[in-house]
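I have placed the structure first, in the form of structure tokens, so that the comments after it can refer back to it.
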Amino acid sequence: MAELNPFRIAQQQLDEAAEALGLDSATHEALRWPMREMIVTLTVRMDDGSVKIFRGYRVQYNDARGPTKGGIRFHPQETLDTVRALAAWMTWKTAVMDLPLGGGKGGVTCNPKEMSEAELERLSRAYIRQVGRILGPEIDVPAPDVNTTPQVMAWMMDEFSALRGYNVPGVITGKPLPLGGSLGRPDATARGGMYALREAAKVLDIPLEGATAAIQGFGNVGQHAGILAQELFHMKILAVADEFGGIYNPHGIDAKALAEHVRETGSVTRFPGTDSITNQELLEMEADVLFPAAIEGVITAANADKIKARVVCELANGPTTPEADRILHDRGIFVLPDILANAGGVTVSYFEQVQNAYNFYWTLDEIHQRLNQKMTKAFADFYAAYQRHKVHPRLAAYMVAVSRVAEAMKLRGWV
Ligand code: NAD
């Protein structure tokens, strides 16, 4: 089970890159641990008058290349180690995208599905009252992630601004548009993934037009991925799954209609005209592209030899364990690594920061164009390293990212 601790996985991934790069031991050791972490206890008044205690985290992993950046998750299984792993991955993600940012992450152990809107607002504000002292546009900038929405970002931005006594829109990204949000943020992660997939398909010589797909997770990222895969490439979505189960239709599933069904019923299950399947069956399905878009640790040594997709486009963070990486690589399955494939979200978040700083806003076309440029360039840098070093794709992406962070640390005189 040690394999499944996400922070151990993140450290193993770094270790492999450090060895391949011949990184000196001081830089390597410094990069194995977060630069700063904060654990807080939040007291929140519930609607029935009782007070509930929650545990919250903010981890600033490394800021050698710029202010730390990374989402906040509200999840019952959130732990310090999941947040550390995600903060490490943000560091590599901003570096592989060549953004002038470091990596961080936050989380609260809670079940937002059992909380009212008013309780969520009080929780969000309590989190900022505790963690706000280490946040700021030039320090650390959170964003939405699992179970946190633009509304949550709005409450957090408002609480931070109230503490400072003036408006600070740049403290957080993923805000609603009237509060300084960016156009193009809702589908940015999925759209970036599609641009990266398009570049991968070119070099792998896989025609995307009409290719088949399976999607695990149909929340923010999975829904947009399904809709864009159909809009941009006319892909045929054979199967979709969420935490409640999966659905299958060999003739294809309409992503827009399924998103509507999820809005009405809360799950993809029982979508008319489909058969039920399990999450395992979905992962092992015969499809050209598998999109993990749910949670970490779903492709492991136990199922990697049964995966049949030609490309795994990792929209989720950390869906594949290191052992599974090697198995997939040996079997000729191309993994488009998470730090690149799902970096569209942080890239448009970065655009949002830039727009907030200038107090001047771009059109949707400008956002799409700049995202396209950034993803295309990042894929080219990654693919050049993949060809040069002849290693598995995640290692190639890590080698690009880690060497960029290490160079910044060296230039600053830290190591
Ligand atoms: P979300 O909460 O909107 O959706 C999560 C989806 O995963 C839901 O459909 C849920 O039912 C499903 N799910 C949860 N547990 C599952 C399980 N055990 N088995 C199968 N399905 C399960 O979250 P999201 O924002 O879409 O994020 C999904 C993934 O993408 C996460 O790994 C997140 O870290 C990553 N990610 C998100 C963004 C972003 O911009 N939102 C950016 C980069 C990476």
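Position 1 is the first residue of the sequence; numbering continues from there. Order of listing sets the numbers, starting from 1, for every ligand and every atom in it.
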Residue pair I253 / Q230: nearest heavy atoms and the distance that separates them
O-NE2, 2.8 Å
Looking only at the side chains, is there a donor atom on one of R370 and Q373 sitting less than 3.5 Å from an acceptor on the other?
no
Quick one: do D338 and R394 make a salt bridge, cutoff under 4.0 Å?
yes
Residue and atom name of the nearest protein heavy atom (relative to atom 10 (C) of ligand 1), distance in Å to one decimal:
E243 OE2, 3.4 Å
Any donor-acceptor pair under 3.5 Å linking the side-chain atoms of S349 with those of R185?
yes
So for ligand 1, is F218 a polar contact partner (N or O within less than 3.5 Å, distance only)?
yes
Would you call R326 and E16 a salt bridge, using N to O less than 4.0 angstrom?
yes
Is any side-chain heavy atom of R8 less than 4.5 Å from a side-chain heavy atom of D81?
no
Which residue supplies the protein heavy atom nearest to atom 42 (C) of ligand 1, what is that atom called, and how far is it?
T189 OG1, 3.2 Å
Where is the nearest protein heavy atom to atom 24 (P) of ligand 1: which residue, which atom, and how far?
V221 CG2, 3.9 Å
With atoms numbered from 1 as shown, which atoms in ligand 1 lie under 4.0 angstrom from a non-hydrogen atom of L315?
30 (O), 35 (C), 36 (N), 44 (C)
Going by the angle between their ring planes, with limits at 30° and 60°, are W92 and Y398 parallel, tilted or perpendicular?
tilted
Nearest protein heavy atom with distance in Å, relative to atom 4 (O) of ligand 1:
G219 CA, 3.2 Å
Give the residue, atom name and distance (to 0.1 Å) of the protein heavy atom nearest atom 34 (O) of ligand 1.
N317 ND2, 2.8 Å
Could you pull out, from N220, L283, T149, the option with a heavy atom nearest to atom 41 (N) of ligand 1?
N220
Ligand-residue contact atoms, ligand 1 with R185, heavy atoms, under 4.0 Å:
40 (O)
Under 4.0 Å from a heavy atom of N147: which atoms of ligand 1 are those, numbered in the order shown and with their elements?
2 (O)
Give the residue, atom name and distance (to 0.1 Å) of the protein heavy atom nearest atom 17 (C) of ligand 1.
I295 CD1, 3.8 Å
Is E296 near ligand 1, meaning one of its heavy atoms is under 4.0 Å from it?
no
Exercise: do T320 and E314 side chains pair donor with acceptor under 3.5 Å
yes
Selected option - heavy-atom contact closest to atom 19 (N) of ligand 1, from L86, N279, D145
N279
Decide whether Y361 and N356 meet the rule of one side-chain donor and one side-chain acceptor closer than 3.5 Å.
yes
Starting from atom 28 (C) of ligand 1, locate the nearest protein heavy atom and write down its residue, its atom name and how far away it is, to 0.1 Å.
A293 O, 3.3 Å
The closest protein heavy-atom partner of atom 31 (C) of ligand 1 is A294 O, 3.1 Å
For ligand 1, note which part of M90 has a heavy atom under 4.0 Å away: side chain, backbone, both or neither.
neither
Determine whether any heavy atom of R73 lies closer than 4.0 Å to an atom of ligand 1.
yes
Heavy-atom side-chain proximity of H261 to I247 below 4.5 angstrom
no
Once you measure the plane-to-plane angle for F379 and F382, does it fall in the parallel (<30°), tilted (30-60°) or perpendicular (>60°) bin?
perpendicular
So is A241 touching ligand 1 or not, going by heavy atoms under 4.0 Å?
no
